Each structure stands twice: as C-alpha cells, then as structure tokens.
Participant: 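Structure incoming, see below.
None of the values given here were measured: they were computed from a predicted structure.
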Amino acid sequence: MYIKSLPLHFLLPQLWTGAVVVMDNLPAHQVAEIKPLIEGVGASVLYLSPYSPEFNPIEHWWSQLKAFLKQFSPKTASGVDGLIKIALQLINPEHLKNWFTNCCYCTS
C-alpha cells in the first residue's frame, strides 16, 4: 500500500495496539489517508510541533556552509564536494559549543 509514495506496507505490520507513531510536519506526513490507516491497526499518531530552526544547532552550521559555498559558486558536484571537505576542516569546536549553547542545549 502506497499513499503518495509512502511505504506504509512496511510500517503498518510493525505497529501494535497502543503504539505511537511520531511524525514531523513534512507535507508527505500530512496526507489525509495516513492517520486513519495507522489508527486502524490500533496505534496513534503524534505530530511534532512546527519546526523551529532557531532551536536546531545544525541550522547554524548549514547557514554558514551555504554562505561559504556561495562565495566560490562551484559549478560542478566535485567542486561542491571539495568545498564541503574544506569547510568541515575549518569547523571551530568553540563554534559548535556556542551553537548548542545558543539553542539552549547543555554543553557542560
């Protein structure tokens, strides 16, 4: 059974009465037919609250990575790969700590 390319035939047989399926707010998860199928096997659906990039440390890294890539405007996949490799080598551990602290995660 596929609903908009979601392989529910893998998920549904693994569920049991009382199971909880946690989903984010990805549009593919919001298809009207999904929730009744999950509830039909006795499980329930819990949607996460809307995504907030301010509370996700990886978003701080992505924004800096995108800015770094734009400086060079690579034209090929290998160019992008090479720049990402360089960017990973330039990560300052103190920046990582600060990103987690800024997002209210304990960093001690």
Side-chain angles (χ1 to χ4, degrees):
M1 160 182 347
Y2 276 78
I3 304 290
K4 294 198 178 193
S5 301
L6 292 176
L8 290 176
H9 68 277
F10 289 115
L11 175 63
L12 294 176
Q14 303 299 317
L15 297 176
W16 60 93
T17 300
V20 178
V21 176
V22 179
M23 293 192 283
D24 61 17
N25 291 293
L26 181 72
H29 297 160
Q30 302 294 326
V31 175
E33 294 89 351
I34 292 176
K35 188 174 179 182
L37 289 170
I38 293 170
E39 291 174 342
V41 297
S44 60
V45 175
L46 176 65
Y47 288 99
L48 295 174
S49 59
Y51 176 72
S52 176
E54 292 83 23
F55 296 115
N56 187 344
I58 195 68
E59 294 298 337
H60 298 286
W61 161 241
W62 287 124
S63 67
Q64 289 194 354
L65 176 62
K66 289 187 278 188
F68 180 76
L69 291 173
K70 287 178 184 177
Q71 288 178 6
F72 298 96
S73 300
K75 304 292 186 229
T76 64
S78 62
V80 172
D81 290 346
L83 286 170
I84 290 174
K85 182 178 178 180
I86 292 168
L88 288 170
Q89 294 169 348
L90 294 174
I91 292 176
N92 180 331
E94 190 64 26
H95 285 155
L96 293 173
K97 181 181 179 290
N98 291 342
W99 294 334
F100 276 84
T101 301
N102 184 60
C103 293
C104 304
Y105 290 97
C106 179
T107 57
S108 59

Participant: With rounding to the nearest 0.5 Å, note down the distance linking OG1 in Thr101 to CD in Glu94.
Facilitator: 8.0 Å
Participant: Does the side chain of Asn98 come within less than 4.5 Å of Asn92's, by heavy atoms?
Facilitator: no
Participant: What residues, two or more places apart in sequence or in another chain, satisfy side-chain contact (heavy atoms from CB on, under 4.5 Å) together with Gln89?
Facilitator: Lys85
Participant: To the nearest 0.5 Å, how far apart are CG in Leu65 and CG in Leu83?
Facilitator: 9.0 Å
Participant: Out of curiosity, Leu69 CG to Trp62 CH2, how far, rounded to the nearest 0.5 Å?
Facilitator: 9.5 Å
Participant: List the residues meeting ring pair (Phe, Tyr, Trp, His ring centres under 6.0 Å) with Phe68, not counting sequence neighbours, and say none if there are none.
Facilitator: Phe72
Participant: What donor-acceptor contacts under 3.5 angstrom involve side-chain atoms of residues 12-21, with partners at least two apart or in another chain?
Facilitator:
none

Participant: List the residues meeting side-chain hydrogen bond (donor to acceptor under 3.5 Å, both in side chains) with Thr76, not counting sequence neighbours, and say none if there are none.
Facilitator: Ser78
Participant: What are the two closest heavy atoms between Pro74 and Gly79, and how far apart are they?
Facilitator: CB-C, 3.9 Å
Participant: Of all residues at least two apart in sequence or in a different chain, which pass the side-chain hydrogen bond (donor to acceptor under 3.5 Å, both in side chains) check with Gln30?
Facilitator: Asn25
Participant: State, yes or no, whether a side-chain contact exists between Ile38 and Met23 at a heavy-atom distance under 4.5 Å.
Facilitator: yes
